[in-house]
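Throughout, a chain's letter reflects where its sequence line sits, starting with A, and its residues are numbered from 1.
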2 protein chains.
Amino acid sequence: MPAPRHRRAGATSRERLFSAAAGEFAARGFAGASVDRIARAARVNKAMIYYHFASKAALYRDILRDMFEAVATRVGETARSGMDPADKIRAFVEAIAVEAEARPHFPPIWFREVAEGGRHLDARTTGHITSIIRALGTIIAEGVATKHFRPVNPLLVHGAIVGPLLLYFASGGVRNRLGHRGVTGAVRLDRPTVVAHVQRVALGALESSGHE
Amino acid sequence: MPAPRHRRAGATSRERLFSAAAGEFAARGFAGASVDRIARAARVNKAMIYYHFASKAALYRDILRDMFEAVATRVGETARSGMDPADKIRAFVEAIAVEAEARPHFPPIWFREVAEGGRHLDARTTGHITSIIRALGTIIAEGVATKHFRPVNPLLVHGAIVGPLLLYFASGGVRNRLGHRGVTGAVRLDRPTVVAHVQRVALGALESSGHE
DNA sequence: GTCTATAAATAGATAGAC
DNA sequence: GTCTATCTATTTATAGAC
């Protein structure tokens with residue numbers, strides 16, 4: 001199940017469908033996505049979807065799995081690297097940001113799947129998600145052992161990192177709509193600012209020299 | 001446009017439709033929601049939807065507006081209260097949490113609408129959203145003036161608060177699915193822990209005695 | 001692997017009686 | 001305000017030719 005290469009002319013029909021479907025699911029959600037539109041966007045006959053995939057749901061599940069497999073791989077490498085704990089936290093944040101940028105469909109699809117209660121997550125995908133959280137837990141435990149961090153539930157830290165990052169990457173459309181009305185002065189956010197802020201916030205939550 | 005009372009037997013057909021639709025949109029998204037199912041859940045004839053609302057889209061827009069109106073009102077009161085800036089930030093976090101709990105459909109619907117690029121937000125609703133962010137900006141400016149906070153883009157702080165909170169309230173289903181597989185030790189998170197963590201994180205981002 | 005044609009179900013919306 | 005009946009379009013999916 002390799003990640004689909006970008007929409008090159010030479011991409012296989014399966015790759016073209018995969019990539020077109022990711023865009024369609026991101027923009028319209030699982031129920032809102034139409035296999036007709038996916039096929040049209042991929043410039044492939046609709047029947048080919050059912051040649052390559054068992055169903056619309058199976059195609060969607062494959063896209064979910066591909067997303068989390070990529071993140072789990074990258075995050076696992078970070079956790080096993082030689083950096084000190086604080087840099088590993090920074091790298092974890094950066095890894096999510098890199099993956100969200102490389103696959104623009106990732107943040108909206110994940111938000112939508114959360115809203116669906118994770119109905120479409122198969123066993124392999126929940127395994128990837130678990131391994132992402134476990135990697136973060138390992139980094140935190142390491143920092144606690146070296147007295148750099150205080151012990152914090154990894155899910156809390158995960159939420160404080162992934163929540164704001166996904167919100168930023170998925171909310172371009174909404175921020176545009178707010179900006180159009182000229183109401184908020186500072187609707188401009190850029191990626192480095194957001195990533196730096198999330199890194200700061202995550203480390204702030206973990207610092208053993210905490211207040212409170 | 002009053003908030004729908006809970007599904008009492010005596011509720012008007014409009015209120016019943018409103019409340020049933022909120023649940024349906026939260027669970028299935030705008031495209032996935034079916035007016036037939038909404039009518040059935042509300043125990044009301046389908047034609048009544050078109051008697052009370054211009055269309056499925058208009059009904060959905062009303063639900064969005066109702067959500068953000070409630071949050072904007074509560075947050076505005078917080079900003080105008082007599083608390084000191086740090087307590088106002090804590091109250092802001094609490095306000096989002098209270099509203100998310102009072103309307104369980106709010107977090108999933110908001111995630112989905114973000115993914116849709118805010119297509120269904122009308123002018124009044126974007127106005128409410130803007131006023132929420134402006135209220136937060138006012139609180140921050142106040143803290144900066146009294147030397148308690150450093151200046152931070154309100155949108156960054158907003159993301160660091162709303163992202164994790166919505167993720168927590170919307171992700172019960174996903175967390176259950178991870179927990180079922182027994183993989184993550186500590187999938188248990190409770191509301192007070194999450195709210196306290198988000199409050200701590202938000203204040204950490206604003207503290208003028210910052211590192212870095 | 002790729003296509004056409006089509007089945008079968010469901011969608012949003014409305015007309016019109018009461 | 002509430003109902004039945006219905007129109008029209010679109011949906012996922014498949015059968016079968018090439």
For nucleotides 2-18 of chain C, just jot down a letter per nucleotide in 5' to 3' order: B, S or -, based on protein non-hydrogen atoms under 4.0 Å. BBB------SBBB----

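Remark: P of D/dG1 and CZ of B/F53 are 12 Å apart, rounded to the nearest angstrom. Atoms CG (B/L17) and P (D/dG1) sit 12 Å apart, rounded to a whole Å.
Taking the six-membered ring where the residue is Trp, A/H158 and A/F92 present perpendicular rings, their angle passing 60° and hence far from 30°.
Inter-residue side-chain proximity for A/F30 and A/K56 is flagged as met; some heavy-atom pair is nearer than 4.5 Å. With a 4.5 Å cut-off on side-chain heavy atoms, A/D66 and A/R103 count as touching.
Taking the six-membered ring for Trp and the full ring otherwise, A/H105 and A/F25 have centroids separated by 6.0 Å or more. In summary, the aromatic rings of B/F169 and B/F111 are positioned with their centroids too far apart to meet the 6.0 Å limit.
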